[in-house]
Amino acid sequence: MEKSYNRLIEGNKKWVEEKLNLDPTYFKNLAKGQSPEFLWIGCSDSRVPANEITGTESGEIFVHRNVANMVVHTDLNFLSVLQYAVQVLKVKHIIVCGHYGCGGVLTAMSKTNAGLVSNWLRNIKDVYQKHSKILDAIEDDTERANKLVEFNVIEQASNLARTSFVQDAWLERDLHVHAWVYGLDSGTIKELGVTIKGVEDLEEIYRYDFKQLVNS
C-alpha cells in the first residue's frame with residue numbers, strides 16, 4: 001500500500017528534476033499565470049490524460065473531466081469551469097473528447113442499475129434514444145458502442161454551443177467548439193467533423209437574444 005503511494009511522490013521529484021534540468025526557470029514562469037487557448041471537456045478515465053495525448057505542456061490546456069465527458073446544463077461544477085475558461089481565460093477552442101470503450105457509455109447502453117451514476121448516465125440513454133434507428137441497426141456490440149460514443153460527443157459539443165456563456169462570447173470574438181474521440185487501442189484522436197463556430201450553426205430555439213435581455 002505505502003509502496004504504491006510513495007511511487008507518486010518519487011515520480012514528482014523526478015519530474016521536477018527533469019523540468020529544471022531543461023529550464024531552471026520553468027516553475028517560476030508557470031507560477032506567473034495561465035493563458036491556455038484550449039478548454040478540454042473529457043472523460044474521467046485514467047487512460048485519457050489531455051496533456052499527454054495531445055503532446056502539450058502544463059498551462060496549455062484548461063481541463064474539466066467527468067464520467068463520459070458530459071455537458072449537463074444543471075451541473076454547476078461544469079458551468080463554473082466553462083464560465084471561467086470563456087470569460088476570464090478567453091480560450092479560443094473548446095474540445096469535447098470522448099473515447100472508445102467508455103465504461104459510462106457501455107453502462108448507459110445496458111439495463112444495469114449502477115446506483116447514483118445511473119442518474120448521470122441517463123443523459124446518454126437520451127442520446128441513444130435520439131439515434132436509436134441507426135444504433136439498433138448495428139449488429140456488432142462493439143461497433144454499436146463506438147457509434148454511441150461518437151453520437152454522445154457530438155451531442156455534448158452541441159450542448160456547449162447552446163450555453164449562454166459560449167453564445168455571449170460569440171458576440172465579440174471567435175470561439176470554436178470541436179468534437180473528438182480518442183482510441184485507447186491506437187493512441188490516436190479522431191476528429192468527428194464537427195466544428196461549431198457561431199449561433200448560425202444552432203437551431204433557432206437554442207439561440208439567445210442578448211439585446212432583449214439587456215432591454216428587459
Side-chain angles (χ1 to χ4, degrees), residues 1-72 74-85 88-89 91 93-125 141-142 145-146 148-149 152-153 156 180-190:
M1 182 73 75
E2 290 299 321
K3 184 177 181 180
S4 62
Y5 169 79
N6 289 330
R7 182 168 64 88
L8 302 182
I9 302 301
E10 293 304 316
N12 170 253
K13 293 178 181 178
K14 182 179 179 181
W15 175 71
V16 170
E17 184 178 349
E18 290 174 350
K19 289 296 184 183
L20 291 177
N21 284 338
L22 292 172
D23 180 6
T25 64
Y26 179 81
F27 293 104
K28 290 183 179 179
N29 290 334
L30 200 62
K32 292 178 182 178
Q34 61 173 329
S35 55
E37 294 186 20
F38 311 96
L39 169 60
W40 176 279
I41 310 297
C43 182
S44 298
D45 193 299
S46 61
R47 299 167 293 177
V48 194
N51 286 113
E52 189 171 346
I53 69 175
T54 57
T56 52
E57 293 289 340
S58 299
E60 293 189 72
I61 301 181
F62 197 61
V63 176
H64 175 79
R65 298 171 72 177
N66 59 47
V67 175
N69 43 269
M70 301 298 294
V71 174
V72 179
T74 55
D75 180 0
L76 295 182
N77 186 357
F78 158 73
L79 291 174
S80 298
V81 170
L82 178 64
Q83 181 181 24
Y84 186 77
V88 179
L89 297 177
V91 296
H93 301 272
I94 306 177
I95 299 160
V96 181
C97 186
H99 66 95
Y100 297 120
C102 179
V105 170
L106 292 171
T107 301
M109 290 178 66
S110 73
K111 295 182 179 180
T112 302
N113 179 8
L116 179 64
V117 74
S118 291
N119 297 281
W120 179 260
L121 299 178
R122 211 297 309 281
N123 295 283
I124 303 178
K125 290 183 181 291
D141 291 341
T142 300
N146 287 346
L148 180 55
V149 165
N152 185 54
V153 170
Q156 304 317 313
W180 292 1
V181 177
Y182 176 70
L184 294 173
D185 59 354
S186 66
T188 58
I189 291 170
K190 178 181 179 180

Give, for atom [atom1] of [X] and atom [atom2] of [Y], the distance between the pair rounded to the nearest 0.5 Å.
{"X": "Tyr182", "Y": "Thr188", "atom1": "OH", "atom2": "OG1", "value": "8.0 Å"}
{"X": "Asn77", "Y": "Asn66", "atom1": "CG", "atom2": "CG", "value": "8.0 Å"}
{"X": "Ser110", "Y": "Lys125", "atom1": "OG", "atom2": "NZ", "value": "5.5 Å"}
{"X": "Met70", "Y": "Ser44", "atom1": "CE", "atom2": "OG", "value": "12.0 Å"}

Mind listing the side-chain donor-acceptor pairs of residues 12-23 below 3.5 Å, one per line with the distance, residues two or more places apart or on another chain?
residue	atom	partner	partner atom	Å
Lys19	NZ	Glu57	OE1	2.7
Asn21	ND2	Glu17	O	3.2
Asp23	OD1	Thr25	N	3.0
Asp23	OD1	Thr25	OG1	2.8

Report task. Please list, chain by chain and in numerical order, all residues satisfying side chain to side chain contact (heavy atoms under 4.5 Å, CB included) with Phe78, sequence neighbours excluded. Result ->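 Scan of Phe78 (side chain to side chain contact (heavy atoms under 4.5 Å, CB included), adjacent residues dropped) gives Ile41, His64, Val71, Asp75, Leu82, Leu160.
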**Report entry** With sequence neighbours excluded, residues passing side chain to side chain contact (heavy atoms under 4.5 Å, CB included) with Val67
**Finding:**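 Result, side chain to side chain contact (heavy atoms under 4.5 Å, CB included) vs Val67: Val117, Trp120, Leu121.
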Requested in this report: Among residues two or more places apart or on two chains, list those pairs meeting salt bridge (Lys or Arg N to Asp or Glu O under 4.0 Å) that have a residue in residues 37-52.
Outcome: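 For residues 37-52, and leaving out neighbouring residues, the salt bridge (Lys or Arg N to Asp or Glu O under 4.0 Å) pairs sorted by first residue read Asp45-Arg47.
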Taking the side chain as everything from C-beta on, heavy atoms only, tell me whether [X] gets closer than 4.5 Å to [Y].
{"X": "Asn29", "Y": "Lys32", "result": "yes"}
{"X": "Phe62", "Y": "Val81", "result": "yes"}
{"X": "Met109", "Y": "Asp141", "result": "no"}
{"X": "Asn69", "Y": "Cys43", "result": "yes"}
{"X": "Thr56", "Y": "Phe38", "result": "no"}

Query - Residues which pass salt bridge (charged side-chain N to carboxylate O under 4.0 Å, His left out) with Asp185, listed by chain and number, not counting sequence neighbours - result: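 Per chain and number, Asp185 pairs via salt bridge (charged side-chain N to carboxylate O under 4.0 Å, His left out) with no residue.
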Query raised in the report: What's the shortest heavy-atom distance between Pro49 and Ser46, and which atoms?
Result: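 Looking at all heavy atoms of both residues, the shortest contact is CD-O, 4.1 Å.
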Query raised in the report: If only atom types and distance count, is the side chain of Arg65 paired as donor or acceptor with the main-chain N or O of Ala50 below 3.5 Å?
Result: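 Judged by distance alone, no pair lies under 3.5 Å.
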Anything under 3.5 Å between a donor and an acceptor, one on a side chain of residues 96-107, the other on a protein residue two or more places apart or in another chain? List them.
residue	atom	partner	partner atom	Å
Tyr100	OH	Glu150	OE2	2.5
Thr107	OG1	Gly103	O	2.9

